[in-house]
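The structure under discussion appears below in the form of structure tokens.
Keep in mind that this is a model prediction, so the values were computed, not measured. Below, all heavy atoms of this structure are taken into account, side chains as well, without hydrogens, waters or symmetry copies.
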Amino acid sequence: MSPTLNTPFHFESLVWDWPIAIYLFLIGVSAGMVVVSLLVKQRVLRAEAAQSGLLKSTAIIAPLAVICGLFILILHLTRPWTFWKLMFFYSPHSVMSLGVMLFQIYMVVLLLWLAVIFRHWLTALLQPYPKLCWVGKVLNWLAPIERKLEPVMMLLAVALGAYTGFLLSALKSYPLLNNPVLPVLFLFSGVSSGIAAMVLCSVVFFKEPVHSPALAFVHRLEKPVVWLELFLLLAFFAGLWFGGGQKEVAVGVALGGGFWALMFWFWVIGCGMVLPMALNRYCSQKVRHRVPFLLMVSGLSLFGVLVLRFFILYAGQMTVV
């Protein structure tokens, strides 16, 4: 029998591989975009939310990211044709089952919230179809509850962003993953990726003005979110290091050298966090408000969060209790 070949993407203790990393990334983007959209709508846009490229980006990417993420997860299951059972039979003792319940509630409230915001556009779109005129009437009837939906939507988005971390932390045999800081870290990295996705999509596809008040508000959120990410990463690894035993070994394996350590220091910390902050700090205001600059910085941040998901997933499974 030939010996097992260990590579960065294949080793004996590996249970969850790259499709799960993409799934975690997409769910984080959706939750992060919704959190930021709610803040932008309440603080800046208010009644003009439907005209904003940022909200239009959220209306497309947030539901689509969840749908694509769940599709990837279903295909990755050993028996994907039995996934429908998880949607109707819930177990309070299963993290996956509770997650499916959360996804269902999140999607219903998200689509309802977006439909109410864009009700005038939807009504005009359905005007040539008389049989569907009731949709506009229902949305106008629901319009007064829009403000009441927002706290619920915020709670669900925060819960979904943190859930991706809870899903991994439930793997108790992996000391790096079984960490209470992980859900909070994934929540804030999801917000960071949501900001980057909103800026990219709104500027490229919806021609959001680079000097718009909404975009300026989003940029003001970026810096504290990145600093919180860095602090949470420090707390994440410090807690493991001072935990001793296999936890200390897990930190050494993850950060001490090799492929995943290089990916973490170069792409996650260097290109995903430090470089965007340095560019925003030292480039002139004229340069910072150019579209190519926004696309480059947002692209670096988005890719950095994607690599972070891969790093946590793969490096976290390299050490077993």
Side-chain angles (χ1 to χ4, degrees), residues 22-23 25-72 106-107 110-127 139 146 153 157 160-161 189-222 225 271-272 276 279-280 283 286-307 309:
I22 297 175
Y23 157 75
F25 171 73
L26 290 172
I27 299 305
V29 169
S30 177
M33 289 188 79
V34 171
V35 169
V36 177
S37 295
L38 285 162
L39 293 174
V40 172
K41 182 179 181 296
Q42 292 172 356
R43 301 293 179 86
V44 182
L45 297 171
R46 295 183 175 87
E48 298 179 357
Q51 283 72 49
S52 171
L54 296 171
L55 265 294
K56 291 176 182 177
S57 301
T58 300
I60 293 173
I61 297 178
L64 192 61
V66 172
I67 293 169
C68 291
L70 287 177
F71 184 69
I72 291 170
Y106 172 85
M107 282 297 289
L110 175 61
L111 293 175
L112 180 60
W113 178 64
L114 291 171
V116 172
I117 291 175
F118 294 98
R119 61 187 179 277
H120 299 301
W121 178 80
L122 287 171
T123 301
L125 184 68
L126 297 174
Q127 196 170 9
L139 292 177
E146 180 185 343
M153 191 71 258
L160 186 64
S189 65
V191 172
S192 180
S193 63
I195 290 173
M198 285 179 75
V199 172
L200 276 171
C201 187
S202 62
V203 170
V204 173
F205 297 106
F206 297 106
K207 308 303 178 186
E208 179 75 15
V210 294
H211 296 283
S212 72
L215 204 56
F217 177 82
V218 170
H219 288 316
R220 288 198 299 272
L221 288 177
E222 282 180 305
V225 167
C271 296
L279 290 172
N280 279 311
C283 290
K286 183 179 179 180
V287 172
R288 292 201 307 270
H289 285 90
R290 289 179 178 173
V291 172
F293 178 88
L294 293 175
L295 299 184
M296 178 182 67
V297 171
S298 299
L300 286 171
S301 299
L302 200 59
F303 189 70
V305 175
L306 175 62
V307 176
R309 294 295 195 273

*Hey, mind stepping through Lys56 and Trp121 against side chain to side chain contact (heavy atoms under 4.5 Å, CB included) and telling me if it holds?*
CA-CA 11 Å; Lys56 291 176 182 177; Trp121 178 80; over 6 Å; no
*Derivation and outcome, side chain to side chain contact (heavy atoms under 4.5 Å, CB included), residues Ile67 and Met107*: CA-CA 9 Å; Ile67 293 169; Met107 282 297 289; 4.1 Å; yes
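Across Ala196 and Ser301, no two heavy atoms sit closer than the pair CB-CB, 4.1 Å. Shown here for Asn280 and Arg288, the closest heavy-atom pair between the two residues is O-CD, 3.2 Å. Val34 and Tyr106 make their closest contact through CG2-OH, 3.2 Å (heavy atoms, listed as atom of the first residue, atom of the second, distance). Val40 approaches Phe217 most closely through the heavy-atom pair CG2-CD2, 3.6 Å. Between Leu215 and Glu208, the shortest heavy-atom distance links the atoms CD2-CG, 4.4 Å. Here the shortest heavy-atom pairing between Val66 and Ile27 reads CA-CD1, 4.0 Å.
Note: His219 NE2 to His289 NE2 = 6.5 Å, rounded to the nearest 0.5 Å. For the atom pair CG of Leu302 and CG of Leu295, the computed distance is 11.5 Å after rounding to the nearest 0.5 Å. Taking CG of Leu70 as the reference point, atom CG of Leu26 lies at 9.5 Å (rounded to 0.5 Å). Distance CZ/Phe293 to OG/Ser298: 9.0 Å, rounded to 0.5 Å. Rounded to the nearest 0.5 Å, atoms CG (Leu139) and CD (Glu146) are 11.0 Å apart. Note that CE of Met153 and OG of Ser37 are 10.0 Å apart. Values are rounded to the nearest 0.5 Å.
Side-chain contact between Val191 and Ile195 is present, with at least one heavy-atom pair separated by less than 4.5 Å. Looking only at side-chain heavy atoms (C-beta outward), Arg309 and Ser189 come within less than 4.5 Å of each other.
Environment of CD in Gln127: sparse, with no more than 12 heavy atoms of neighbouring residues, nucleotides or ligands closer than 6.0 Å. Enclosure of atom CD in Glu48 is not indicated, since only 12 or fewer non-hydrogen atoms of other residues, nucleotides or ligands lie within 6.0 angstrom.
Checking each of Val305, Val307, Leu300 against Phe303 for a side chain to side chain contact (heavy atoms under 4.5 Å, CB included) leaves exactly one that passes, namely Val307.
The main-chain N or O of Gly190 is found under 3.5 Å from a side-chain atom of Ser193 such that the two form a donor-acceptor pair.
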Show which side-chain atoms of residues 198-207 pair as donor or acceptor with protein atoms under 3.5 Å away, not counting sequence neighbours.
{"residue": "Ser202", "atom": "OG", "partner": "Met198", "partner atom": "O", "Å": "2.7"}
{"residue": "Ser202", "atom": "OG", "partner": "Val199", "partner atom": "O", "Å": "3.3"}
{"residue": "Lys207", "atom": "NZ", "partner": "Val204", "partner atom": "O", "Å": "3.2"}

